[in-house]
Amino acid sequence: MSLKVDNIVKTYGSYRAVDGLSFEMKESGVFALLGTNGAGKTTSIRIILGMLSADSGSVTWHGKKFVTAAESIGYLAEERGLYPKYKIMDQLMYFASLKGMKRQDAQRALDYWFDRLGVQEYRDKRAEQLSKGNQQKIQLIAALAPNPELLILDEPLSGLDPVNAELFKSVIREEIKKNKFVIMSSHQMSTIEEFCRDIVILNKGRTVLQGNLNDIKKGYGRVKLTVKCEGDITAMAQECGLNLIEETPNGSSYNVSSEEQAHALLNRIIESGMPLIKYELREPSLNEIFIEKVGNAAKAGESDEK
Amino acid sequence: MRNDAARGWKKVFGFTFTQFVRTKSFIVGTIIICLITILLVGGLNIIPKLMGAGDSVTGSGNSDEPLTLDSVYLIDDSGLLTSEDTDKLTSAGVKLTSTDKTASELIDQLTDADSGKALVTISADESGSEVLGYTVKTYYSPDTDGTSVDTLTGMVSSLVTYRNMINAGVSPDNFAATQRYVNTSKIQAGSDEWNVFETMINYVVPIVISLVLFIMIFAYGQTVAQSIATEKTSRVMELLLTSVRPLAVVIGKVLAMGCVSILQFLLIGIVGGISFAATAPFGIGGDLMNMLQNADIQTGENAQIVEAFNGSFGSMTPLSFVLIFVIFILGFLFYALIAALVGASVSRMEDLAQAMQPYSLLGVLGFYLAYFPVMFTMDSLETGAASDNMMQTFSYYFPVSSPFSLPAALMVGKLSLPEVIVAVLILAAFVALVAVIVARVYEMIILHNGSRLKFMDIIKLAGRK
């Protein structure tokens, strides 16, 4: 049971939209596809789904060539789409029938998801009469109704208010518990950290970081230090060789080269008798890793061009 | 076409068809067109009857309308007419009024008079002692019935001709002999010879049929483009493509819109038929049907009408109807597949109108190629001879125009069966060519976003391996 993407390449003229993307999901769980706008995420997803053909490379599902129409797939596209003039129930029944669902099964599944997402009252409305958030719920229903083995969610939480974002997250958690394979693309790093086990970060079609998120973070170590005191610690930080990265009401942030460097600052603060409010030494967040990796790749790209 | 590439087209077809026929625009549009059809068919049936048309068919009418002139002054400066001639006018219903006034005084009088008064002047055009000819002028008061004025003028000029001939030594019997009519026709050897009614049928039917087919094929082709562009620009297409291949979407949509087109025109046809049946007993339609069925009244002009109907539509067989249906389907596919490509080439709905321009030009070109050659047969209305021209022949075999021109040619028997089959095969070959191009290109462009793909871009894509 696995999804394997092997060295897929897609070019448009001289532009390489996807340049050798490879990853494997050996078991169920959530895989994150990250990148800036135009990094190649959506193109990669379209290739995986068979909407676009790759110039080279392959996608296999359970060891066989991946054929989208023949598999059980749910897809929530980044750019949402519904027929604006047609009734919600009609179009969802249509999408379910295209997935090969029998009418009664589709009806039962849709009833469940209408209740689960609280949109029962909109089933006979036209899509254009719904708010953006409710349209997004309808499209999530379209993706989930066939009970797919593989779920591809492209920016699932964008544009949602906190309440609905939490509702979507709870649904995604339920799908994970059902041992689904989920590929998620998002710019909301906190969401990715919350759900994903493995990640790929793309920049201009190339993979700049890939692997298990915990392992990646462990590889960095606890190198992010945040300190808040009732006094100025700038001089003490400089004596310990720490350069200030950012100063916010939550405290001062530093990059440390080792845990000993951080402890040295802590000892000095204690020795000075200055009241300490916050001391946090942690691994970098996914957001910090993302910015670092994509930033480095951008700099490398610029120097290559020079 | 591989089966898996088209798998799911029936579901696309079913959804597209049911959703489209449930749209307000379709329902309201169809109702309005049906109402117009009822009024048009009923009106065309009844109004001419109320105006007296069709009486000749039943034999109940009199084509010689009585003059509605209260008084007619006659001033014959030429001195040609005799009392015998004026008596003839009087006996024909002309209310001649004697007068001492001059022509100019009478003209002034007529200017201010009520309707129904006229003055006829006859003058001789002379050169020395030789009379070159005669001039008949009719002056009439305001609001006078023009038909009566024309009839009066005709009567007087006939009398002038008659008296001139008699004065020249022609006997009345010989004069009658000179009044026999002479019909002229120019007929290309080997072509059919039609009577005037048959000529009119062969003139009107192709125009009406090509217009109806143009609306059915071209307008619904545009709907295909709009539907696909809507799916693409609203991003529904991405969702569809996780279940079916793009080709299935095209096939399902094109066939669905073809069926919608047929359904709408069937409804209109049924409503038109009911309207005709309901109004026929009171209109010229009933007279016409009666004439076609009743051999007793198929004489004179009626015989010509019956002959025209039999000549024009007598060659229709069940195979003709099958061929017409096939031509419609092929024509629809030809235009709808091109429209589908156009719809798939845009990324924004506001680009669609511009992208449709070449499609519109193609459709209009096809329609005019079918329409104009019929206009060129105008002379046959006068001569009663079947005329062919190169452009008309070309329109039957050119796939852009043949969907609009072939069915009518088949209906009125302009082409033989082998000729029709050759034209259909040419059309089918072009449809297959377009289908191959669509199959090659559609998948490449349906997810293309950004600037609108131009015609040459699409051709280049079709050429790629």
Side-chain angles (χ1 to χ4, degrees), chain A residues 10 12-13 15 17 38 42-43 45-53 66-87 90-101 103 106 126-128 135 138-143 145-146 148 150-152 154, chain B residues 2-26 226-249 252 256 347-349 440 442-451 457 460-461 464-465:
Chain A
K10 179 73 181 175
Y12 294 105
Y15 177 69
T42 300
T43 304
I45 287 173
R46 285 175 173 176
I47 291 170
I48 292 168
L49 285 170
M51 291 179 201
L52 289 176
S53 56
F66 188 81
V67 180
T68 311
E71 306 297 345
S72 176
I73 295 161
Y75 177 45
L76 182 67
E78 180 186 9
E79 295 182 79
R80 315 286 185 246
L82 288 171
Y83 294 102
K85 302 282 182 193
Y86 298 161
K87 284 183 182 175
D90 289 344
Q91 35 189 319
L92 286 177
M93 287 297 287
Y94 172 50
F95 297 145
S97 76
L98 288 176
K99 291 285 180 195
M101 292 184 80
R103 191 170 181 80
R126 294 193 305 274
E128 64 185 1
Q135 286 190 30
I138 299 302
Q139 287 174 90
L140 185 62
I141 291 175
L150 173 62
L151 196 55
I152 297 181
D154 200 352
Chain B
R2 298 197 320 273
N3 281 340
D4 59 342
R7 196 176 65 179
W9 73 267
K10 288 178 191 167
K11 287 168 184 168
V12 178
F13 170 89
F15 181 75
T16 308
F17 182 84
T18 51
Q19 290 298 325
F20 194 87
V21 297
R22 284 160 62 181
T23 56
K24 270 185 193 168
S25 58
F26 177 80
Q226 194 162 20
S227 177
I228 284 177
T230 304
E231 271 179 4
K232 185 181 173 185
T233 57
S234 69
R235 313 295 177 187
V236 176
M237 190 61 80
E238 286 197 42
L239 191 55
L240 297 182
L241 295 186
T242 62
S243 308
V244 290
R245 304 294 299 167
L247 204 57
V249 177
S347 304
R348 299 178 306 165
M349 279 307 281
R440 286 180 72 97
Y442 193 79
E443 296 206 14
M444 297 184 209
I445 66 173
I446 192 63
L447 290 173
H448 167 85
N449 284 312
S451 57
D457 299 328
K460 279 179 192 169
L461 283 172
R464 267 194 207 168
K465 287 187 178 175

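Below, read A as the first sequence line, B as the second, and so on, with proteins coming before strands; counting in each chain starts at 1.
The structure places CG of Leu241(B) at 9.0 Å from CZ of Arg46(A), a figure rounded to the nearest 0.5 Å. Between Leu240(B) atom CG and Tyr94(A) atom OH the span is 5.0 Å, to the nearest 0.5 Å. Residue Thr42(A) holds its OG1 atom at 7.5 Å from CD of Glu238(B), rounded to the nearest 0.5 Å. Distance OH/Tyr83(A) to OG/Ser227(B): 7.0 Å, rounded to 0.5 Å.
Side chain of Lys99(A) to main chain of Thr242(B): a donor-acceptor pair is present (N/O by atom type, distance under 3.5 Å, no hydrogens or angles).
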Check your understanding: Lys87(A) and Gln19(B): side-chain contact (heavy atoms from CB on, under 4.5 Å), yes or no, with the steps?
Key -> CA-CA 9 Å; Lys87(A) 284 183 182 175; Gln19(B) 290 298 325; over 6 Å; no

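Ring-plane geometry between Tyr86(A) and Phe15(B) is classed as perpendicular, the angle between the planes exceeding 60 degrees on a 0 to 90 degree scale with a lower cut at 30.
No other option in Ile73(A), Leu76(A), Ile152(A), Asp90(A) has as many heavy-atom pairs under 4.5 Å with chain B as Asp90(A). Counting heavy-atom pairs closer than 4.5 Å to chain A, the top-ranked of the candidates Arg22(B), Lys24(B), Met237(B) is Arg22(B).
Heavy atoms closer than 4.5 Å to chain B are found in the side chain of Ala142(A), but not in its backbone. For Leu82(A), the part lying under 4.5 angstrom from a heavy atom of chain B is the backbone only.
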